[in-house]
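Right, one structure below, let's go through it.
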Amino acid sequence: MGASITLNRYLDDWAKTSDTRPTAEVVRAIAGAGKVISGLIAQGQLAGPLGMIVGNNSDGDQQKELDCLANAQLIDTLKASPVAFIASEELGQPIATGKPDAPLCVAIDPLDGSSNIDTNVSVGTIFSILPRSEEANGSANLHFFQPGSKQLGAGYIIYGPHTALVLTLGEGTHIFTLDPGDGQFKLTKANVQVPAQTREFAINASNYRHWDKVIRSYIDECLEGTEGHRGKDFNTRWIASMVAECHRILMRGGIFLYPGDDRLGYGKGRLRLIYEGNPVAFLMEQAGGSAITGKMRILDVVPSDIHQRVPLIFGSSEEVALLQGNHDTKRSTGHRSPLFSRRGLFRT
Ligand code: FDP
């Protein structure tokens, strides 16, 4: 494996059967659209006011110029591939491509992290490829109401200092870097492995007062460092661009949390199950990491709403497992016991 294996060659080798070829075609289409989006982002303000607010999507989130451009580019490209329905975070409902018998359905978050467009911070395109459901009976939504464990492929394109496509087709998680010289994505890291342990966490700490006790307790313990129950110091990172956090965690480990909280509309957090949670969970698991809602595996959640939000915790497997254990036992007070806390009986 080296930089000379292109994404095209990888997909040719992988898609030897008529079952797998459509998925490979979809990945090629997304990679093609990603190159165009990458070119726009690389131009920054020279490409126009990409960060300008142009409206709101059906969920009330602000839409930026680049959200709409990326959405249009991806939909145009996907319509020419073997896809029956496309669901997009930017659209109220899935759209039919006019090919009802095509074998696949694709969900996209055209531009994740769009609050960062004007700040020159990494953003990304996320995608999830599902088989067309035989049980949908004409309902476009039902194709997407399959648990994430049914995904045939998933990934993201990160637009940062370099552009990279991170892909899983259920056989490991692989990174293909865009070579600006010849415009090809090339395999630069095969079979990424997320370290099982970590000392780095990512959460928007400004929401501390809104979290439940389990999350607050977990973060308290991390912050107490060597003096606390965990007995080790932690580092913190928050980019506010999930793709960028996911990429960092794939490269060096860590844990990302966007839990539900008590703000209006945030009961199930901020991230969308179909467009964000499922593809990231698939990539993480294929890289040896984990992804949970708190109590359950993300890939087992059966969606019931096309824009359903989900509390999302992912990353290094031992850290995620610890937090899942805390949720199971509702552990929220352990280290805060007056016996063991900083001002308790056993501390001076
Ligand atoms: P954005 O709305 O800018 O697209 O997907 C939602 C998301 O970004 C994530 O990429 C990011 O992690 C999160 O929202 C940021 O949330 P906060 O505004 O709470 O920091």
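One-based numbering, in listed order, for ligands and for the atoms of each. Reckoned from all heavy atoms, side chains included, excluding hydrogens, waters and symmetry mates.
The CG atom of Asn8 sits 10.5 Å away from atom CZ of Phe185, with the distance rounded to the nearest 0.5 Å.
The local environment of NZ in Lys232 is crowded, with over 12 non-hydrogen atoms from other residues, nucleotides or ligands closer than 6.0 Å.
Using modelled atom types, one finds no donor on one side chain facing an acceptor on the other under 3.5 Å when comparing His210 with Tyr266. When only modelled atom types and interatomic distance are considered, Gln184 and Asp179 share no side-chain donor-acceptor pair under 3.5 Å. Side chain to side chain, Ser128 and Asn278 fail the donor-acceptor criterion of an N or O pair below 3.5 Å.
Salt-bridge check for Arg216 with Asp261: failed, with every basic side-chain N at 4.0 Å or more from each acidic carboxylate O.
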Identify all N/O pairs between ligand 1 and the protein with a separation under 3.5 Å and present them as a table of atom names and distances.
from	atom 1	to	atom 2	distance (Å)
ligand 1	2 (O)	Arg270	NH2	2.7
ligand 1	3 (O)	Ser114	N	3.1
ligand 1	3 (O)	Ser115	N	3.1
ligand 1	3 (O)	Ser115	OG	3.4
ligand 1	4 (O)	Gly113	N	2.9
ligand 1	4 (O)	Ser114	N	3.3
ligand 1	5 (O)	Asp112	OD1	2.9
ligand 1	5 (O)	Glu276	OE2	2.5
ligand 1	10 (O)	Asp112	OD1	2.9
ligand 1	10 (O)	Asp112	OD2	3.1
ligand 1	10 (O)	Met242	N	2.8
ligand 1	12 (O)	Met242	N	3.4
ligand 1	14 (O)	Arg270	NE	2.7
ligand 1	16 (O)	Arg270	NE	3.4
ligand 1	19 (O)	Asn204	ND2	3.0
ligand 1	19 (O)	Tyr258	OH	2.6
ligand 1	20 (O)	Asn204	ND2	3.0
ligand 1	20 (O)	Trp238	NE1	3.0

